[in-house]
Amino acid sequence: MEKLVITGNQPLGGEISVHGSKNAVLPILAATLLVKGETVLHNVPDLSDVNASIEILRHLGASVKREKSTLVIDTSNIVNNDIPEEMMREMRSSIIFLGSLVTRCKEALICPPGGCDIGVRPIDLHLNSLRKLGAQITENGSCIHCRAQKLHGSKIFLTFPSVGATENIIISSVLAKGKTTVINAAREPEISDLASFLNSCGAKIFGAGESMIEIEGVEELYPNSHTVIPDRIVAATYMCAGALQAKELVVKNVRAGHLVPIIPVFTEMGCRIYLSGNDLKLVSPKRLKRVKNIKTMPYPGFPTDCQSVLMAVLSKAKGTSVFNESVFDGRYKHISELRRFGADITVNDRIAVVNGVRELYSANVYSTDLRGGASLVLAALAANGVSTVGNLSHIDRGYENIEKNLSEIGAVIELSLIHISEPTRHLRIS
Ligand code: EPZ
């Protein structure tokens with residue numbers, strides 16, 4: 001339906017602001033089911049995944065109103081305990097409704113979630129954790145039936161620090177009877193933001209952001225308002241654009257602490273980073289240097305969500321960089337598209353070797369997933385000539401108005417109606 005048409009190798013500069021975090025607001029939206037009454041969320045980005053969550057809430061009976069980047073959600077009147085398959089398949093985060101729905105309605109009927117095709121994405125950690133908290137769960141192929149009169153506290157050891165499973169456990173435990181301890185919990189900042197929202201509503205969550213989290217069940221939660229943290233992956237993506245094409249770029253509205261895992265990579269490339277309050281100034285060298293080894297890890301390691309966008313940057317760096325994607329087993333689908341720009345990348349299982357080239361050349365490419373799509377936009381910004389990027393519905397899941405924001409720092413990028421065969425972009429929901 002639409003493509004981005006990008007004239008590459010333009011000098012970028014100035015200031016670009018980061019919107020609210022997709023991966024923070026999605027679990028918080030699911031958690032609003034636990035709070036009978038009106039919740040107000042500020043700094044909510046306008047993304048298709050957010051709109052998919054809004055549609056699920058509306059299907060369940062909640063009213064959701066958007067006023068610019070503020071959502072007013074009233075969950076006083078929940079009338080359904082099922083989520084239709086097409087809604088579950090819209091994104092990965094639909095699975096996070098399981099814990100809040102079974103807590104609110106004592107029953108939940110869902111099916112396996114969708115989400116980016118970045119490898120096998122099982123939900124065993126989610127389901128086994130809910131069972132430990134006292135839920136009866138029956139699965140038959142694409143239908144998952146979950147029941148619990150009242151969930152109870154438990155000690156849960158996660159074999160992998162899964163972000164989503166940690167979020168589902170927290171959400172399922174805040175109104176459970178007794179205490180829950182999560183060992184080997186995910187430590188991502190989005191977990192802490194979920195906990196700070198729930199604690200502001202009266203929950204008792206201790207240690208969010210650490211690998212051991214304790215939740216003492218309470219009787220009831222009370223409506224409150226919350227401002228969502230900035231999106232650290234969008235911030236990193238804009239930093240990549242700056243490293244590639246700007247002498248100097250200011251990325252506004254960041255949380256410096258959330259960027260600690262990625263700043264050393266930018267300095268190893270030869271960039272200089274200056275922090276002042278919520279602003280980050282990036283000064284890049286004439287030619288970027290390679291980064292010897294990048295291994296993606298759970299937070300506070302190098303984020304897997306930054307792997308593809310950094311790869312686009314290192315495609316033009318001086319020297320050879322080696323990636324090890326240790327989190328997902330299928331997160332290199334963007335490489336075949338990056339090669340169309342002339343990138344010199346070889347893959348062997350989880351290892352990708354990037355030999356930096358001096359020039360990238362225009363190409364017509366298609367997004368394979370959310371962050372893979374962002375990496376193609378970055379490569380197009382750095383390529384000689386005019387490129388196009390299709391399958392924009394992937395990019396719209398996590399980047400609000402990417403063409404508008406990038407054009408404000410000098411990119412020559414526009415949306416063009418070219419084919420009618422591709423998925424349409426999401427429409428803003430009022
Ligand atoms: C969240 O996905 C993020 N999505 C992902 O961001 C991010 O890449 C990922 O965490 C890792 O940081 C949202 O927050 C909406 P996981 P999630 O459970 O929760 C395995 C983006 O681009 N696993 O931490 O699905 C799984 O297969 C998206 O914004 C199980 O084995 O990630 C993977 O190998 C992409 N069983 C690993 O854990 C389970 O039950 C990490 O998955 C769950 C996960």
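Counting begins at 1 with the first residue of the sequence. Ligands are counted one by one from 1 in listed order, and the atoms in each one are counted from 1 as well.
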Relative to the heavy atoms of H126, which atoms of ligand 1 are at a distance of less than 4.0 Å?
-> 40 (O)

Which residue and heavy atom of the protein sit nearest atom 22 (O) of ligand 1, plus the separation | R371 NE, 2.9 Å

Would you please determine whether I95 falls within less than 4.0 Å of ligand 1 on a heavy-atom basis?
-> no

Are any of the side-chain nitrogens in K22 or E190 under 4.0 Å away from the carboxylate oxygens of its partner?
-> no

Salt-bridge criterion met for D117 and K333 (N-O under 4.0 Å) = yes

G164 heavy atoms, cut-off 4.0 Å: which ligand 1 atoms fall inside?
-> 18 (O), 19 (O)

Under the side-chain hydrogen bond (donor to acceptor under 3.5 Å, both in side chains) rule, what do S63 and D74 come out as? Steps first, then yes or no, please.
-> CA-CA 5 Å; S63 91; D74 188 341; 5.0 Å; no

For ligand 1, note which part of D305 has a heavy atom under 4.0 Å away: side chain, backbone, both or neither.
-> side chain

Apply the side-chain contact (heavy atoms from CB on, under 4.5 Å) test between C116 and each candidate in L370, T368, D305; give the one that qualifies.
-> L370

L71 and V64, any side-chain heavy atoms less than 4.5 Å apart | yes

With atoms numbered from 1 as shown, which atoms in ligand 1 lie under 4.0 angstrom from a non-hydrogen atom of V120?
-> 27 (O)

Short version for M91: what comes under 4.0 Å of ligand 1, heavy atoms counted, is neither

Proximity winner for atom 10 (O) of ligand 1, if only heavy atoms of L125, V163, V327 are counted | V163

With the threshold set at 4.0 Å, does a side-chain nitrogen-carboxylate oxygen contact exist between E55 and R58?
-> yes

Can R131 and E139 be counted as an ion pair, charged N to O under 4.0 angstrom?
-> yes

Ligand 1 contact by G398, heavy-atom criterion under 4.0 angstrom = no

Let me know which of H334, R371, R331 forms a side chain to side chain donor-acceptor pair (under 3.5 Å) with Q307.
-> H334

Looking only at heavy atoms of R331, does any of them come nearer than 4.0 Å to an atom of ligand 1?
-> yes

Hey, is ligand 1 close enough to N23 that some N/O pair sits below 3.5 Å?
-> yes

Quick one: does E167 get an N or O within less than 3.5 Å of an N or O on ligand 1?
-> no

Considering distance alone, does some N or O of P122 sit under 3.5 Å from an N or O of ligand 1?
-> yes

For atom 20 (C) of ligand 1, state whether the nearest protein heavy atom is under 4.0 Å away.
-> no

